[in-house]
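Taking it in order: structure first as structure tokens, then the write-up.
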Amino acid sequence: MAHATRGSLNMLILCFTFFLLLNLSNNFAFAFTSQDYSNALDKSIRFFEGQRSGKLPANQRLKWRADSGLSDGSGYHVDLVGGYYDAGDNVKFGLPMAFTTTLLAWSVIEFESSMHSQLNNAKAAIRWSTDYLLKAATASPDTLYVQVGDPNQDHRCWERPEDMDTPRNVYKVSPQNPGSDVAAETAAALAAASIVFKDSDPSYSSTLLRTAQKVFAFADKYRGSYSDSLSSVVCPFYCSYSGYNDELLWGASWLHRASKDSSYLAYIQSNGQTMGANDDDYSFSWDDKRPGTKIILSKVPFFLLLHSFQLEFFSHKLTHSSASFPCFTQDFLEKSTQEFQAYKVHSDNYICSLIPGSPSFQAQYTPGGLLYKGSESNLQYVTSSSFLLLTYAKYLRSNGGAVSCGSSRFPAERLVELAKKQVDYILGDNPAKISYMVGFGQKYPLRVHHRGSSLPSVNAHPGHIGCNDGFQSLNSGSPNPNVLVGAIVGGPDSRDNFEDDRNNYQQSEPATYINAPLVGALAFLSAESTPK
């Protein structure tokens, strides 16, 4: 009996040891290094080359793509060649493209020093979009062109962008048909990009900022939602469900940051309450900008404090000082500093909602630990939240601050830890042990819902593939012939299950606005993590 008991105990110890080693090996397998994050950063930016519309440059790295949309706008006597296809189709939607551009620019603004060899590629990705947005904003007076392609017609076809024969209709907003949401987001994109190019290309930066100011004035003067003006060509694809007030506040915030013009702060103060400044919102996306706006504005008190010091320093030259800072009286500074401190509180509320263990925690996570917002393209919320967590952590580190969640306080490191967990999940540290970035890791989605990736390339099949001919590829179970390197797909469901099925667009379709915030997050983590 004693021998049997001892044998059972030994077997139990052996099984426990095996279980422990198995778990340790799994943990070690996903202990991502700075080199891993740098590799993922490279791929996340490379993805944008697969989404390019227009004439491709000689240094195009995704060689299976070719020129497309070379006559976009010509039927309307405007040049709208260039820009990005938003996701797996061949339409150029202005609202998500502008948001993508803003987030790419913000990624560079915050984490430029961590991008190293990828900085020029990131700038190229931004410029591919801003070149197009400049055309869209300046082609006609009091007009912003916001879309190329009829999505209803486009979605009836499964064809390469190089073969497009669906209507390339052009859509615009104007004083008679306003679109404050898409116009203010375009202004934000151009303003943010002007910061990116301020040192490397001052002339281009000035053009971006000057155009951003004009587009914002247009958005503010002729108020209305582009969803109402354009209806079925933008809805239900990219309806502005949150309205346009969040974009106006977001646009003004970026214009202040880019121009340092205090009139934009005055605009925010005058309009903030009616535009949702006091509303706590817990979703940051191409549609709803409120959490991002509040995190940007949480920095404003430090800006005001800096100018307060400057005023004090130049107090013996008040005439000169007031000329330099016409709006910054001491009363204005004190009042404004107090008002903008509220944005720190609202930013804390957003961050607290994401932190498990916080008194105001309200986010949903899958059993495997992934932030979960919805069944369609859920990873867009994961990447945008991760970016905001790391950006806010950077701000907190710069002043020794912390996040206040009721009676609890969380340091910047807690935010970094939470964001890292989300990014690691995307890269493969998840129950399915699959990377949701195409081309990264040993196992990743092979049947991506993407026309160009799923059809034979022009090089492999020079002949035209018609509208209906491509559906054979859509419905095929074979892997995509062209690897859309760096694409982040929609991701798993609320139970961590993922179906690698091209027809399941909710899970398998990539989009530019999923990747854009991840660029900044990966740059941060590549500098934060241990080298291999």
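FYI, the numbering just counts along the sequence from 1.
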Might you work through the ring-ring contact (aromatic ring centres under 6.0 Å, His included) test for Y372 and Y365, ending with a clear yes or no? CA-CA 5 Å; Y372 191 79; Y365 289 87; over 10 Å; no
If you apply the rule side-chain hydrogen bond (donor to acceptor under 3.5 Å, both in side chains), what do you find for D36 with T33, and how did you get there? CA-CA 5 Å; D36 294 325; T33 66; 3.2 Å; yes
Step-by-step side-chain hydrogen bond (donor to acceptor under 3.5 Å, both in side chains) determination, K123 to S200: CA-CA 10 Å; K123 286 185 174 182; S200 59; 3.3 Å; yes
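E509 places a side-chain N or O within 3.5 Å of a backbone atom of G88 that can act as its donor or acceptor partner. No donor-acceptor distance shorter than 3.5 angstrom exists from the side chain of K433 to the backbone of G428, with no hydrogens or angles considered. Here the side chain of D348 pairs no donor or acceptor atom with the backbone of V345 at under 3.5 angstrom. Judged by distance alone, with hydrogens and angles left aside, the side-chain atoms of Q60 form a donor-acceptor pair with the main-chain N or O of L62 at under 3.5 Å. At least one donor-acceptor pair under 3.5 Å links the side chain of R502 to the backbone N or O of S478. For the pair N39 (side chain) and K43 (backbone), a donor-acceptor distance under 3.5 Å is absent. Checking side-chain atoms of H449 against main-chain N and O of S508 turns up no donor-acceptor pair under 3.5 Å. With hydrogens and angles disregarded, no donor-acceptor distance shorter than 3.5 Å links the side chain of Q118 to the backbone of N120. Side-chain N or O atoms of T391 include none that pairs as donor or acceptor with a backbone N or O of L388 at under 3.5 Å. Side-chain atoms of S358 come within 3.5 Å of backbone atoms of C352 as a donor-acceptor pair (strictly under, hydrogens ignored).
Listed by chain and residue number, Y436 satisfy the ring-ring contact (aromatic ring centres under 6.0 Å, His included) test with F498 (two or more places apart in sequence, or in another chain). With sequence neighbours excluded, no residue forms a salt bridge (charged side-chain N to carboxylate O under 4.0 Å, His left out) with K63.
Ring planes of F237 and F93: tilted class, angle from 30 to 60°. Ring geometry, Y395 versus Y392: the interplanar angle exceeds 60°, so the pair is classed perpendicular (tilted spans 30 to 60°).
The closest side-chain heavy-atom distance from V438 to P510 is not below 4.5 Å. Counting heavy atoms from C-beta outward, Q147 and V91 have side chains that approach closer than 4.5 Å. The side-chain heavy atoms of W254 and I109, taken from C-beta on, include a pair separated by under 4.5 Å. The side-chain heavy atoms of Y85 and K92, taken from C-beta on, include a pair separated by under 4.5 Å.
Heavy atoms only, all atoms of each residue included: N90 and R451 are closest at ND2-CD, 3.8 Å. Shown here for Y241 and P236, the closest heavy-atom pair between the two residues is OH-O, 3.6 Å. The shortest heavy-atom contact between D496 and G368 is OD2-N, 2.7 Å.
With respect to E185, the side-chain contact (heavy atoms from CB on, under 4.5 Å) criterion is satisfied by exactly one of D287, T101, T102: T102.
One finds the CG atom of L103 at 11.0 Å from the CG atom of L518 (value rounded to the nearest 0.5 Å).
Using a 4.0 Å cut-off between charged side-chain N and carboxylate O, K289 and D181 make no salt bridge.
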Please set out all donor-acceptor pairs under 3.5 angstrom arising from side-chain atoms of residues 186-198, sequence neighbours excluded.
{"unit_1": "T186", "atom_1": "OG1", "unit_2": "V182", "atom_2": "O", "d": "2.7"}
{"unit_1": "S194", "atom_1": "OG", "unit_2": "A191", "atom_2": "O", "d": "2.5"}

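Relative to the six-membered ring of Y204, R127 meets both conditions, a distance below 6.0 Å and an angle of at most 45° to the axis. In this structure, K420 fails the cation-pi test against F32, since its NZ or CZ atom is not both closer than 6.0 Å to the six-membered ring centre and inside 45 degrees of the ring normal.
A 6.0 Å sphere centred on CD of E413 holds more than 12 heavy atoms belonging to other residues, nucleotides or ligands.
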